[in-house]
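To keep things clear, I will list the structure first and then write my remarks on it.
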Amino acid sequence: MPAQPDGTPSREGYFGPYGGQFVPETLMGPLRELTAAFKQISDDQKFWTELRGLLKHYVGRPSPLYFAERLTEKLGGARIYLKREDLNHTGSHKINNTLGQVLLARRMGKPRIIAETGAGMHGVATATVAARFGLECVVYMGAKDIERQAPNVARMKMMGAEVRSVKAGSATLKDAMNEALRDWVATVDNTFYVIGSVAGPHPYPTMVREFQRVIGQETHAQILELEGRLPDLLIACVGGGSNAMGLFAEFIDQPQVAMRGVEAAGEGLESGHHAASITAGQVGVLHGSKSYLLQDAHGQVQEAHSISAGLDYPGVGPQHSFLHDSGRVTYSAIEDGDAVRAAYDLSRLEGIIPALESAHAIADAMNVAPLMGRDKLIVVNLSGRGDKDLHTLMAANPYGEEQRP
Amino acid sequence: MSGSGTAHVARMFADLRAAGRKALIVYIMAGDPTPQATAHLVPRLQAAGVDLVELGFPFSEPVADGPVIQAAGQRAMPHMHSLDAFFKLVRGIRKDCDVPMIAFTYYNPIFRYGEERFLRDAQAAGLDGAILPDLPIAEADQWQALCRAQGMAAIFLEAPNTPDDQARLIAQASQGFVYLVSLKGVTGSSKNLGENLAQRVRRFRAISDIPLAVGFGISTVAHVRQVAPLCDAVVVGSGVVTRLAEAPDAAAGEEAVLAYVGELRAALDHL
């Protein structure tokens, strides 16, 4: 049975053949409870009014839709707009979702919040909202990520969250998620697990998309105001895929709007060191859902590789797998070096330092914009700011000290 | 060999029930520390009074396991990376002993291998069934049907927060026995067993009389004495794996495990 055109799961929790609830039995009850609670708030105006108020006054929404004039000029093709999720409080799109989930946790009477984080942006966004509502917060983070994202670790601690280092496996995001699931199995009675992406077991892929949908809703209104029409192309980076689903969801039933999801090609798809689950993976089951997955011939999950910690994940949200198979979204992959170059170019052309994750989307836009007419419109989701990546970016400067692109 | 698959497991439980005895189920990770050590150990486990062996196949993302079994999986992974290696080990063990053996692993390696092909090859190698802790009954329609068709035991887990309607479905879906998880948590979790265990078992018994094994967090003679009167079998995993891990070599590990298993067996036989 196919998923509905709007992406509503076909059978409970499925997008075509992808999704589901592949979790230990102890989590089935809590997932049923969560699904019911999410359904309940879905048409509860009071919930959404409170959330909208916080998004406006606490997060600073709506985020601007900014015309990147000099980037557009340099590329000489389609007009490029940037959806400035980097300007949100905490510096990325992640807080849209953590606010929604933590409000839901309060409704469900759960005093303890846990989360996994890769780059640390979701961890920071969770710690922030937990502090705002006075809830206990534990964030699981791979030891390798703790090392390369030190500023975000400090931010979480500053706000009173406990950051637990995960040394198992590759010591990155997937291992942090394993550990968060283990915590949740033991603490389901008082704990709400705030998953940061459109991954995990149902209802997370749907719920996170709905909390991120505000990105696309604003973009829709803003582009109509600025250009009087819908964009020709949307571009967003995809690790688990929450910023992309947030932008895409509102446009899925507008066939004139093309979409590109950009995965991390790491050191190159042929190198085997990448994080391109859709582009180069096979269908499998990880962290509660069936989706494309980086795995070997024996079904052992492979470590992902990306210069960007937020894309360094071997799985991808199940709806992305469905949108890939259906052809509605085109998925491409950008290598580390091209993402770094794009980060420098955007910084020097527009005075905007993007997160390395978002730089993958910028790099893809730089590839396709010149091939499109000057009358075409592209919206790139600038999902986060690059402060956390400055150390990596400095070490990888492709231009030397003085040179400009 | 006294039958294979579900029939083998069912015969074991029927014989024990007739004798008024309780089953001792032991979990070990295949290939921890080496395939040779596992092959050497399993027949001796049977001789020491183990009635069924859960043989772990290492998976890279063991979300249901605590640190002890995670570490065992990491030790085993280099020589037990593929199901082919696993089946080869099982075939070797089957030459020496007829103890019922159940694979304990996660769904993805089996999904990738092909469920039907897995069941066929597992049975040919000498396995009697499988436990997949991340495949709840809601996702297991096809798996259940294939297990039934192949005569292989599909064992599902019942958790402390499983409601009655789901428990009924779990009892119907399971073949061989049902695995009642004693506590909310991962394997090897706790020094204390879950609350209301007796009440939970009574509730489950009202639903089904399928053999019932209780596991997770059971490691001491005291635990065994507390749990065994309630059910048909106790499962001990992390306690065994810890002894293998802490021994200076495989021979010493085996000796420590056999002594430990002997104590548990004696406790079970003198309840």
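Because the structure is predicted, anything quoted here is derived from the model rather than measured. Throughout, protein chains are lettered first and strands after them, A, B, ... in sequence-line order, and every chain is numbered starting at 1.
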Open item on the list: Which atoms of B/Pro62 are under 4.5 Å from chain A, going by heavy atoms: the side chain, the backbone, both sets, or neither?
Closed with: both

Task: side-chain hydrogen bond (donor to acceptor under 3.5 Å, both in side chains) involving B/Gln123 - partner list, sequence neighbours excluded - done: B/Gln150

Task: Considering all heavy atoms, the nearest A/Pro24-B/Ala64 contact - done: CG-CB, 4.3 Å

- [ ] State which residues pass ring pair (Phe, Tyr, Trp, His ring centres under 6.0 Å) with A/Phe192; sequence neighbours excluded, sorted by chain then number.
- [x] none

Open item on the list: Could you report the tightest heavy-atom contact between B/Pro136 and A/Phe22, atom names first, then the distance?
Closed with: CD-CA, 4.1 Å

Task: Partners passing side-chain contact (heavy atoms from CB on, under 4.5 Å) against B/Ala30 (at least two apart in sequence or in another chain) - done: B/Leu55, B/Met80, B/Phe86, B/Leu89

Task: Under 4.5 Å from any heavy atom of chain A - which part of B/Ile170 - done: side chain

Open item on the list: Taking side chain as everything from C-beta outward and backbone as N, CA, C, O, which of these in A/Val188 sits under 4.5 Å from a heavy atom of chain B? Side chain, backbone, both or neither.
Closed with: side chain

Task: Minimum heavy-atom distance between A/Leu181 and B/Val63, given as atom pair plus value - done: CD1-CG1, 4.0 Å

Between chain B and chain A, identify all donor-acceptor pairs below 3.5 angstrom, including backbone and side-chain atoms.
from, atom 1, to, atom 2, distance (Å)
B/Pro58, O, A/Gln300, NE2, 2.9
B/Ser60, N, A/Gln300, OE1, 2.9
B/Ser60, OG, A/Val301, N, 2.8
B/Glu61, OE1, A/Lys174, NZ, 3.2
B/Glu61, OE1, A/Asn178, ND2, 2.8
B/Glu61, OE2, A/Lys174, NZ, 2.9
B/Pro62, O, A/Arg182, NE, 3.3
B/Pro62, O, A/Arg182, NH2, 2.8
B/Asp65, O, A/Arg182, NE, 2.9
B/His81, O, A/Gln300, NE2, 3.1
B/His81, NE2, A/Asp296, OD2, 2.4
B/Asn108, OD1, A/Val285, N, 2.8
B/Asn108, ND2, A/Gln295, OE1, 2.9
B/Asn108, ND2, A/Gly299, O, 2.9
B/Arg112, NE, A/Asp296, O, 3.1
B/Glu139, OE1, A/Tyr14, OH, 2.5
B/Glu139, OE2, A/Gln21, N, 2.6
B/Asn161, ND2, A/Thr26, O, 2.9
B/Thr162, OG1, A/Glu25, OE2, 2.8
B/Lys184, NZ, A/Asp189, OD1, 3.0
B/Lys184, NZ, A/Asp189, OD2, 2.9

